[in-house]
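Worksheet: the structure to be examined is printed underneath.
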Amino acid sequence: MQPDRHLTDAEFIALRDFIYSKTGIFYTERNRFLLDARVREILHQNGCKDPASYIKSLLDPKTSALEGSRLINKVTITETSFFRDPPQITALAKNVIPELAKRRGQFGSRLLRIWSAGSSSGEEAYTVAILLAEHFKEQLTAWNITIFATDINEDALQACRTGVYKPYALRNAPHEIKERYFRATSDGAFAVCDEIKGLVVAEKASLTDPVACKKYSGVDLILLRNVLIYFTTDAKTAVLQSCYENLRDDGYLFLGQSEAVFGINHSFKLVTFVNTFAYKKLPPVH
Amino acid sequence: MTGTLRQRIEAIRRYLPPVPGVFAELVQLLHNDNVDTRVLSRVIARDPAMSINVLRIANSAFYGLPNKVKTVEHAVTMLGLKEITGLCMACETGRIFKPRPGEKHVNLHAFWLHSVATAVFSRLFSNQFRVEPQDQAYLAGLLHDIGQLILDRFLHAEYEQVVKLTYDENIPLVDAEIRVLGESHGTISGWLMDKWHLPPLLSEIGSCHHAVGAASAENRLIVAVVSLADQAARLKGFGFGGDETGVILEETEAFKVIQQWQPELRELDIARFIMDLDRADFDITSIEEMMDAT
């Protein structure tokens with residue numbers, strides 16, 4: 001049996017291009033080692049002899065769908081947790097949610113649609129749901145709220161639908177939140193309560209598929225945190241364009257704490273909160 | 001204090017303490033660009049409290065001078081006139097408005113941290129945007145919000161309401177002040193600086209830092225710089241900036257005024273610029289600690 005070896009340049013390029021064509025995610029030389037490690041895990045799980053035969057099965061029409069899906073699931077896992085990036089959580093709780101609630105409430109619509117794009121296993125989507133519950137309190141049931149949690153990773157989407165998390169994922173969540181919105185399971189995990197679960201809809205959608213993204217139009221808030229970093233410039237532009245089209249005129253877009261839209265898209269204006277930023281749409285130029 | 005709220009606010013103007021000790025002379029010297037170090041040192045040396053402060057500041061870890069400073073003149077020579085004068089004046093002002101024991105008050109540590117941050121950013125911005133006078137911008141930054149302390153002191157119950165309203169409705173502090181008191185802390189800051197005969201520019205920065213459009217045409221630019229610095233200090237979370245509202249910086253009066261002066265600011269990545277201000281963290285916390293020890 002051959003000892004584990006690293007991907008050759010040709011193999012890396014083949015895999016990189018395959019992933020890019022399916023997801024828009026582009027592995028650079030800098031994070032090549034990540035792809036390398038993940039492929040080796042797949043090889044172990046498959047009992048595959050070497051990368052070359054694995055790539056063959058990826059490209060073979062008979063096995064492509066299954067292997068492709070498995071690969072995408074493997075390479076799109078991201079680190080996520082509840083109440084991630086405290087300054088952003090504060091801005092959402094103190095500024096954005098009250099503002100949106102006030103506006104939508106004023107015109108009697110009581111409708112809020114939120115898009116957690118690249119939501120992985122749903123921690124972010126459920127965090128927003130909790131913030132909404134904290135804001136509206138008993139009034140929550142009087143509102144028509146949907147939080148779309150989209151991702152291309154099916155395992156992650158399933159985890160989102162299940163809504164059970166290890167304590168580590170809740171390390172940043174305040175104690176009262178854990179008490180109020182989670183139920184402890186017999187094996188030491190935390191299950192999201194039904195009231196919160198009911199607000200989140202997990203769906204498969206690729207951010208680089210503009211047709212699929214059209215479903216999430218008319219949203220009041222888009223969370224696209226630490227997702228764009230994996231994309232090429234062209235893919236970033238396309239995704240931000242989808243966001244622009246989907247966001248309501250007075251809605252907010254949140255990227256990751258250290259990401260910025262500048263240089264990629266000039267259709268958004270910067271809103272500064274204490275120690276963090278968000279974006280609003282610039283009116284279209286006529 | 002009796003009378004209607006409006007009467008009580010007007011009365012503040014009368015009750016403001018007179019300019020302390022050597023302040024008046026120091027202020028006169030500040031007006032003068034060519035002041036002699038020895039003249040300034042002699043003025044400071046006449047005031048024991050201020051002398052002690054100057055020596056303490058000069059010998060602090062923040063300035064890291066190699067040899068212990070023993071005379072006021074030496075301190076002034078090493079650290080620069082304007083810098084030391086500014087800090088002394090702020091310390092003295094803080095001492096004057098220190099609440100009496102047992103008196104309820106806003107968080108002073110948070111207040112001065114914000115003021116120092118505004119001062120440091122004012123100097124950074126005026127440097128960055130090539131706006132003069134930088135030293136007065138620094139001093140103005142230190143004293144711009146003094147009106148808050150004064151309002152808190154003379155009308156504590158009402159000011160508590162103001163602060164509560166700011167948090168409950170998440171509105172800008174100035175909006176809450178106008179609603180509850182009919183007056184903003186900027187105006188009060190301006191009153192104090194007038195009474196103490198500080199340079200008119202300082203008074204204008206004090207009263208207009210939340211209303212840049214109301215500043216005179218000749219001073220509007222420097223007022224805008226301090227106003228932007230005030231926002232930056234608030235948004236970087238240094239101490240208590242008054243409120244936690246969000247702001248679109250490029251839509252503020254302050255930014256527009258500065259942009260007219262520096263048209264290339266349009267391309268400036270505001271986000272990165274403000275995030276970069278982290279490099280001033282150490283300076284700001286050190287200076288505030290120095291002031292706190294008085």
Side-chain angles (χ1 to χ4, degrees), chain A residues 85-103 105-106 131 134-137 220-221 224-225 228-229 240 247 249-283 285, chain B residues 110 113-114 117-118 121 125 163-173 175-176 227-256 258-259 264-278 280-281 284:
Chain A
D85 285 326
Q88 291 199 334
I89 301 299
T90 305
L92 281 167
K94 288 200 152 152
N95 301 79
V96 175
I97 287 174
E99 183 187 314
L100 290 172
K102 189 172 179 188
R103 260 210 230 116
Q106 251 168 11
L131 291 178
E134 286 285 284
H135 177 79
F136 288 114
K137 302 194 173 50
D220 303 287
L221 171 65
L224 186 66
R225 304 197 295 169
L228 285 184
I229 48 181
L240 285 171
L247 192 60
D249 285 345
D250 58 354
Y252 282 89
L253 165 68
F254 275 78
L255 299 185
Q257 188 72 356
S258 49
E259 296 176 83
V261 123
F262 299 106
I264 312 163
N265 186 304
H266 300 276
S267 322
F268 291 94
K269 57 185 169 180
L270 186 70
V271 185
T272 315
F273 297 105
V274 176
N275 280 318
T276 195
F277 313 98
Y279 300 89
K280 283 185 106 155
K281 286 167 73 159
L282 275 171
V285 180
Chain B
L113 197 53
H114 169 76
T118 303
F121 289 159
F125 286 1
V163 174
K164 186 171 187 301
L165 182 61
T166 303
Y167 277 112
D168 287 349
E169 291 190 18
N170 202 28
I171 53 175
L173 177 68
D175 290 4
S227 179
L228 189 66
D230 180 31
Q231 286 284 15
R234 187 179 69 82
L235 295 164
K236 291 295 286 173
F238 280 107
F240 175 61
D243 56 69
E244 289 174 318
T245 55
V247 61
I248 297 172
L249 289 171
E250 58 183 21
E251 287 178 0
T252 60
E253 187 71 41
F255 186 78
K256 289 184 195 163
I258 297 172
Q259 195 181 58
E264 62 265 29
L265 205 61
R266 210 167 292 133
E267 313 309 310
L268 188 66
D269 188 343
I270 313 164
R272 295 227 173 83
F273 185 64
I274 295 208
M275 293 212 299
D276 266 353
L277 292 175
D278 282 343
D281 271 12
I284 293 169

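This is a predicted model, so every value here is computed, not measured. Protein chains get the first letters and strands the later ones, always in sequence-line order, with residue 1 at the start of each.
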Considering only heavy atoms, which portion of B:Glu251 lies under 4.5 Å from any heavy atom of chain A: side chain, backbone, both, or neither?
-> side chain
May I have the step-by-step check of side-chain contact (heavy atoms from CB on, under 4.5 Å) for A:Asn95 and B:Asn170, ending in yes or no?
-> CA-CA 7 Å; A:Asn95 301 79; B:Asn170 202 28; 3.1 Å; yes
Provide the closest heavy-atom pair for A:Lys280 versus B:Ile248 in the form atom of the first, atom of the second, distance.
-> CD-CD1, 4.4 Å
Do you know the tightest heavy-atom contact between A:Asn275 and B:Lys236?
-> OD1-O, 3.3 Å
Measuring from A:Thr272:OG1 to B:Leu235:CG, what's the distance to the nearest 0.5 Å?
-> 5.5 Å
CD on A:Glu99 to OG1 on B:Thr245, rounded to 0.5 Å = 11.0 Å
